[in-house]
Structures are given as C-alpha cells and as structure tokens.
Amino acid sequence: MAYWLFKSEPDEYSLEDLKAEKNSIGRWDGIRNYQARNIIRDHIKQGDGVLFYYSSCKNFGVAGTAEVVSAPYPDPLQFDPESKYCDPKSPTNNPRWLCVDIQYRQTNKNFIPLKEIKQNEALSDMVLVKQGRLSIQPVSKDEWETIMMLANDG
DNA sequence: GCCAACGTTGGC
DNA sequence: GCCAACGTTGGC
C-alpha cells in the first residue's frame with residue numbers, strides 16, 4: 001500500500017464535497033499535468049491512502065484523508081466539449097488523461113497548515129516542501145504516520 | 001532538438 | 001497582486 005497527496009482548491013472541491021457525494025466516493029478528474037498523470041498511470045493503486053491538501057486558498061494545508069477506490073481510468077472530461085478540461089488533441093483510442101475514484105475517510109481533528117509541515121523536521125523531505133507545484137505527490141509511510149499523528153493528537 | 005516566449009501554480 | 005519555479009508551445 002502506498003500513500004499520496006492530492007491537491008485541491010477547496011472552493012472548487014473540498015473534503016466536505018467528497019463526503020457529500022454518493023457513498024462519499026468522488027472522481028478525481030481534471031489532472032492535466034504529465035508528471036501527475038504518470039504517477040496515476042504507473043503507481044496509484046486501489047486501496048492507497050490519500051492526503052487531501054487544500055491549496056490556493058486562505059488556509060492551505062492537509063484537511064484529511066481519503067482512499068483510492070478504483071483503478072486508473074480515462075478521464076471523461078477530456079472528451080467533454082463543455083468542460084474546461086476538454087482536450088481535443090487527446091486520441092479517443094488512447095486517452096491522454098487519467099483519473100481515479102477516491103472515497104472520503106476522515107477529516108483531521110487538527111487541520112495541518114503547510115507552515116506546520118515545513119517546521120517539522122521529519123517532514124522536511126516531503127515533495128510538498130521541496131517542489132511546491134506538483135498536484136499529485138508521493139508520500140512516504142513515515143511521512144504519512146507523522147501527518148496522522150499531527151492530525152489526531154491534542 | 002534548442003530555446004525564447006508564454007502560461008500556470010501557489011505561497012507570500 | 002507579485003513573482004519564483006516550474007511546464008508547454010512553436011519557430012527555427
């Protein structure tokens with residue numbers, strides 16, 4: 001089992017939005033970055049853990065957790081002319097963009113601001129700290145456990 | 001294949 | 001609103 005960090009702008013799609021979906025399962029679509037796509041395609045598996053991270057907002061940080069509940073599959077939005085994620089150049093017989101379904105797990109007892117992550121020695125190697133921009137990132141087991149401790153203590 | 005110009009992300 | 005750190009595009 002592997003762990004990942006998914007970024008979302010809470011105004012667009014929040015952890016509460018995921019929770020409110022049918023069976024608390026939502027489609028993680030709209031990934032239009034090859035690095036993130038490759039991670040989905042080559043590494044993300046059903047049952048993996050997901051840190052739900054809020055970016056580009058007033059309070060940015062880890063809000064809670066979710067679980068990957070599907071295998072990767074073609075993102076339907078790339079073929080939807082109405083969608084801002086439509087990609088007319090994506091070949092229908094070999095879709096360029098993938099997505100997965102995730103299911104709500106928990107909302108942190110303590111919201112973990114990025115500042116707190118940056119201050120924590122055990123989390124200094126997180127991709128989040130080293131390379132800010134990637135929207136889907138690997139998280140090590142140790143990092144996951146440290147985050148869970150911060151999320152649930154106190 | 002290079003690289004300049006442009007676009008995006010996302011913390012500050 | 002700014003801008004650093006990327007990623008993408010397109011002319012050559």
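Residue numbers begin at 1 in each chain, while the letters A, B, ... track the order of the sequences.
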Residues which pass side chain to side chain contact (heavy atoms under 4.5 Å, CB included) with A:T65, listed by chain and number, not counting sequence neighbours: A:L51, A:R105, A:Q106, A:W144, A:M148
For A:S83, all residues meeting side chain to side chain contact (heavy atoms under 4.5 Å, CB included), sequence neighbours excluded: A:L77, A:D80, A:Y85
Between the protein and nucleotides 3-5 of chain B, list the N/O to N/O atom pairs that are separated by less than 3.5 angstrom.
none

Atom-pair distance (CH2 on A:W97; C1' on C:dT8), nearest Å: 10 Å
Any residue in residues 32-40 of chain A with a heavy atom nearer than 4.0 angstrom to DNA chain B? Just list them by number, or reply none. none
Spell out, as yes or no, whether a donor-acceptor pair under 3.5 Å connects the side chain of A:E67 to the backbone of A:D48. no
Restricting to non-hydrogen atoms, name the atom on A:G26 and the atom on A:E21 that form the minimum distance, rounded to 0.1 Å. CA-OE2, 4.0 Å
Distances under 3.5 Å between nitrogen or oxygen atoms of protein and nucleotides 10-12 of chain B:
unit_1	atom_1	unit_2	atom_2	d
B:dG10	OP1	A:K7	NZ	2.9
B:dG10	OP1	A:R133	O	2.9
B:dG11	OP1	A:Y53	OH	2.8
B:dG11	OP2	A:S56	N	3.2
B:dC12	OP1	A:K118	NZ	3.0

Can the ring centres of A:W97 and A:F79 be said to be less than 6.0 Å apart? no
Aromatic ring centroids of A:Y53 and A:W4 under 6.0 Å? no
When A:L98, A:I102, A:V68 are each screened for side chain to side chain contact (heavy atoms under 4.5 Å, CB included) with A:I44, the one that passes is A:V68
Using five pairs at either end of the helix from B:dG1-C:dC12 to B:dC12-C:dG1, determine the angle between the two local helix axes and round it to 10 degrees. 10°
